[in-house]
Amino acid sequence: MKTTLTKTLILLPVLASLTACIPSPKDLETTPVKVQTPKGVVTCQLYRQNRVDWDRAIDFPATKMSVPEADAYCRQEGQRRLK
């Protein structure tokens, strides 16, 4: 029991410091961009310039497209900007 407690007390600060090093998506947001699509304008929240995994739609014509479809347009725009 004492060994487990000791290990926990040692690992806790290490884990806390590692967690502090990982940026949240909010820290990496760029200015939202508008993308014209055949179904209307999609407003995209893009993140890092070299990564499109987090890119997503924050506004889109909901009556004409689904969330996954709108997000796909945003990832496509992020990809376009990568090149």
Side-chain angles (χ1 to χ4, degrees):
M1 178 75 148
K2 193 172 188 178
T3 306
T4 304
L5 181 60
T6 303
K7 286 181 183 178
T8 302
L9 290 175
I10 291 171
L11 287 176
L12 194 61
V14 172
L15 290 174
S17 65
L18 287 175
T19 303
C21 296
I22 300 170
S24 78
K26 185 85 174 150
D27 298 332
L28 304 172
E29 288 180 353
T30 63
T31 304
V33 298
K34 294 189 183 291
V35 177
Q36 184 63 51
T37 74
K39 295 181 179 180
V41 176
V42 175
T43 304
C44 299
Q45 178 60 69
L46 304 180
Y47 293 88
R48 294 171 47 168
Q49 297 296 326
N50 62 344
R51 185 178 195 170
V52 299
D53 299 337
W54 293 335
D55 294 350
R56 63 186 176 86
I58 56 175
D59 189 35
F60 59 95
T63 59
K64 297 181 181 180
M65 70 176 71
S66 65
V67 172
E69 185 179 5
D71 287 345
Y73 280 114
C74 293
R75 282 190 297 279
Q76 185 178 32
E77 178 63 16
Q79 249 342 92
R80 186 188 71 75
R81 290 171 180 239
L82 264 175
K83 296 177 182 179

Checking one residue: Met65. Which other hydrophobic residues are in its cluster under the side-chain 4.5 Å linking rule? Val42, Phe60, Val67, Tyr73
Test log, rule side-chain contact (heavy atoms from CB on, under 4.5 Å), inputs Trp54 and Glu29: CA-CA 9 Å; Trp54 293 335; Glu29 288 180 353; over 6 Å; no
Looking only at non-hydrogen atoms, find the nearest pair between Val52 and Leu82 and report the distance. CG1-CD1, 4.0 Å
With sequence neighbours excluded, give me every disulfide (SG to SG under 2.5 Å) pair touching residues 49-83. Cys44-Cys74
Tell me the side chain to side chain donor-acceptor pair (under 3.5 Å) pairs involving residues 57-72, sequence neighbours left out? Lys39-Glu69
Scan for salt bridge (charged side-chain N to carboxylate O under 4.0 Å, His left out) pairs involving residues 74-83, sequence neighbours excluded, and state none if there are none. Glu77-Arg80, Glu77-Arg81
Without swapping roles, check the side chain of Gln45 against the backbone of Thr30 for a donor-acceptor pair under 3.5 Å. yes
Thr43: which of Ile58, Val35, Val33 passes side chain to side chain contact (heavy atoms under 4.5 Å, CB included): Ile58
